[in-house]
Number of protein chains: 2
Amino acid sequence: MQQSPVPPESPIYRRIADGLREAILAGDLQDGDRLPGENALMVQYGIARATARQALSVLINEGLAVPKRGSGVYVRQFRPIRRHGSRRLSREQWERGQAIWDSDTRGRPYTVDDVNIDKEVAEDFVARVLNSTEVWVRRRRYSVDGRPVQLAVSHFPADLVQDTPITQENTGPGGVYARLGDLGLAPAHFTEEVRARMPHPHETVQLDLPAGTPVIVIGRIAYTAAGVPVEVNEMVLDSASYVLQYDFDS
Amino acid sequence: MQQSPVPPESPIYRRIADGLREAILAGDLQDGDRLPGENALMVQYGIARATARQALSVLINEGLAVPKRGSGVYVRQFRPIRRHGSRRLSREQWERGQAIWDSDTRGRPYTVDDVNIDKEVAEDFVARVLNSTEVWVRRRRYSVDGRPVQLAVSHFPADLVQDTPITQENTGPGGVYARLGDLGLAPAHFTEEVRARMPHPHETVQLDLPAGTPVIVIGRIAYTAAGVPVEVNEMVLDSASYVLQYDFDS
DNA sequence: TAGTGGTCTAGACCACACA
DNA sequence: GTGTGGTCTAGACCACTAA
């Protein structure tokens with residue numbers, strides 16, 4: 001009936017992970033710095049390899065570190081793009097230098113690849129929102145500096161956009177919204193629904209996401225001034241590459 | 001010089017995880033359903049325990065499943081609260097039945113616990129935004145149905161709110177914003193910065209987050225009509241409990 | 001070639017849940 | 001008590017990176 005021997009503290013792998021995390025969050029280890037590898041941890045703490053791996057996997061799944069095969073485990077950085085929702089209300093005071101998170105303000109150009117356009121039967125929620133069972137769907141991927149950052153899928157009611165450039169790869173100057181304007185259907189109101197979750201496998205591939213990186217999912221509905229829904233756009237963003245900004249009154 | 005023997009496909013643990021994920025996303029397994037456990041997978045696929053664990057850990061880290069000690073691994077659901085940013089512009093058309101994600105609209109009451117108020121030296125970015133090195137800080141946690149869903153930390157310039165109920169636990173009717181109004185500092189404009197990341201350990205504890213659940217972080221700055229910043233509020237939300245909605249023009 | 005991370009096996013002891 | 005997941009050891013072979 002003696003007391004339990006020694007296990008009052010948290011498991012070894014967790015204590016190791018805590019130590020490394022602290023070093024990262026404190027800035028002792030930063031940006032592309034190399035973390036102690038599996039072998040180093042085995043020696044330093046006298047543990048088995050699986051345990052060292054478990055410790056590192058904690059940080060990897062938290063998105064704080066990235067493993068590079070044959071090389072090592074490295075600290076990850078956060079330098080997002082700033083995406084503006086409603087910026088119409090911005091005054092100088094809250095437009096300049098008042099950001100909470102640092103971000104890349106240099107307006108780097110988007111690249112669009114993998115454009116893909118199809119006429120499809122609408123999924124349930126799209127059909128419900130657009131009041132249309134047939135839709136034209138535009139899928140594309142956006143990259144910045146050669147790195148993919150966003151997947152977007154836009155849906156348009158088939159009867160409204162049939163035989164317009166919206167069903168073509170090249171939509172002409174001003175893009176899709178300008179063409180909707182030509183039809184007298186210029187988007188005037190938007191609602192955006194924002195959520196976050198872990199990525200699905202195909203998103204991990206298409207966005208080249210390291211483990212531990214959530215995605216931000218934006219469901220956006222565009223309405224004309226008359227209240228006609230003309231577009232449902234679902235965007236999937238690499239959360240390590242974005243900060244969303246919304247400015248509003250009241 | 002014969003071809004490589006058999007390993008053209010993805011690793012076993014991944015194929016198992018893929019199969020289970022498919023079952024979840026297709027709805028074959030849902031809500032609180034129990035997944036096949038480690039032992040079941042070992043037998044079914046003839047693999048070692050560590051490999052079965054690895055397969056399950058994939059789903060757990062994706063937030064699709066939750067392990068329950070001594071019981072099993074269970075499918076997780078997504079039934080979020082809808083949080084409205086700018087809703088001022090909402091018309092009936094885009095206010096009712098036009099949501100992309102299901103959400104709990106029944107207005108369940110928040111509970112606030114762990115209220116904590118202190119006068120502190122402002123962190124860098126807070127000091128920069130508020131033009132004040134000393135701030136009053138209100139920390140609190142919000143729960144819905146007894147489950148914690150949000151952590152919030154509000155900062156107020158010390159010189160503006162000194163000796164007001166804002167420095168007290170009970171701020172009176174209308175809350176903090178009403179008291180700011182009493183001072184002629186009613187918030188009129190807001191900017192919100194939204195990002196997502198994996199939670200830090202203390203957030204995991206305070207929000208009781210299962211593995212694989214990202215947090216949504218909202219950095220909110222409130223300005224008076226005159227453009228004076230009066231509050232910096234950092235909110236950390238359980239991403240499995242929230243959908244953010246923003247409505248805007250243009 | 002040496003070192004790194006990726007995958008996998010075959011055991012072990014533990015705390016906890018549930019019947 | 002039996003079964004579950006949590007932690008840990010001590011090996012193995014592989015693919016990839018970098019010198």
Side-chain angles (χ1 to χ4, degrees), chain A residues 2-20 32-62 64-76 201 204-205 208-212, chain B residues 2-18 20 32-62 64-76 201 204-205 208 210-212:
Chain A
Q2 56 182 26
Q3 303 178 16
S4 63
V6 268
E9 296 154 342
S10 52
I12 303 178
Y13 81 91
R14 190 161 286 285
R15 292 211 303 279
I16 296 173
D18 290 348
L20 293 174
D33 284 1
R34 192 172 182 282
L35 294 176
E38 299 173 356
N39 292 349
L41 293 177
M42 288 172 68
V43 175
Q44 184 177 351
Y45 293 92
I47 55 177
R49 189 173 169 226
T51 306
R53 276 183 71 75
Q54 201 174 5
L56 291 171
S57 77
V58 170
L59 301 174
I60 292 167
N61 281 321
E62 288 177 350
L64 293 174
V66 182
K68 291 210 185 307
R69 232 212 254 213
S71 170
V73 180
Y74 298 86
V75 176
R76 181 114 156 281
T204 303
V205 172
D208 192 27
L209 297 173
Chain B
Q2 56 182 28
Q3 303 179 18
S4 63
V6 268
E9 296 154 343
S10 52
I12 303 179
Y13 81 92
R14 190 161 289 283
R15 292 210 302 277
I16 296 174
D18 289 348
L20 294 174
D33 284 1
R34 192 172 181 282
L35 294 175
E38 298 173 357
N39 292 350
L41 293 177
M42 289 171 68
V43 174
Q44 184 177 351
Y45 293 93
I47 55 176
R49 189 173 169 225
T51 307
R53 277 184 70 76
Q54 201 175 5
L56 291 171
S57 78
V58 169
L59 301 174
I60 291 167
N61 281 322
E62 288 177 350
L64 294 174
V66 181
K68 293 211 185 303
R69 224 203 265 208
S71 172
V73 180
Y74 298 87
V75 177
R76 182 116 156 279
T204 302
V205 172
D208 192 26

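In the text below, chain A, chain B and the rest are named by the order of the sequence lines, each starting its count at 1.
For the OP1/OP2 pair of C:dT4 and a distance below 4.0 Å, the side-chain nitrogens and oxygens of A:N39 include at least one atom meeting the criterion. Contact annotation: B:Y13 reaches the phosphate of C:dT7 (side-chain N/O to OP1 or OP2, under 4.0 Å).
In this structure, the side chain to side chain contact (heavy atoms under 4.5 Å, CB included) partners of A:D33, at least two apart in sequence or on a different chain, are A:L29, A:Q30, A:V75. The side chain to side chain donor-acceptor pair (under 3.5 Å) check on B:S71 picks up B:Y74, with sequence neighbours excluded. Scanning for side chain to side chain contact (heavy atoms under 4.5 Å, CB included) contacts around A:N39 gives A:M42, with sequence neighbours left out. For B:D18, the salt bridge (charged side-chain N to carboxylate O under 4.0 Å, His left out) partners two or more places apart in sequence, or in a different chain, are B:R21. Scored by the salt bridge (charged side-chain N to carboxylate O under 4.0 Å, His left out) test, A:R34 finds no partners at all (sequence neighbours excluded). Partners of A:A65 under the side chain to side chain contact (heavy atoms under 4.5 Å, CB included) rule, at least two apart in sequence or in another chain, are A:L35, A:L59, A:I60, A:V73. Shown here are the salt bridge (charged side-chain N to carboxylate O under 4.0 Å, His left out) partners of A:R49, two or more places apart in sequence or in another chain: A:E38.
DNA chain C lies under 4.0 Å from at least one heavy atom of each of the following residues of residues 41-60 of chain A: A:R49, A:R53.
Considering only the side chain of B:R69, C:dC16 comes nearest among D:dT7, C:dG5, C:dC16. Of the candidate nucleotides D:dC8, C:dT4, D:dT4, C:dT4 has the atom nearest to the side chain of A:R34. Of all nucleotides listed (C:dC8, D:dG6, D:dA18), C:dC8 comes nearest to the side chain of B:P11.
Taking atom OH of B:Y74 as the reference point, atom P of C:dA17 lies 12 Å away to the nearest angstrom.
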- prompt: What dot-bracket string describes DNA chain C from 5' to 3', counting Watson-Crick and G-U wobble pairs whose defining distances are under 3.5 Å, with [ ] for crossing pairs and | for pairs to another strand?
  reply: ||||||||||||||||||.

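Within the 4.5 Å cutoff, side-chain heavy atoms of A:L56 are placed close to those of A:L20.
If B:E38 and A:I12 are placed on DNA chain D by their nearest nucleotide, the residue sitting closer to the 5' end is B:E38.
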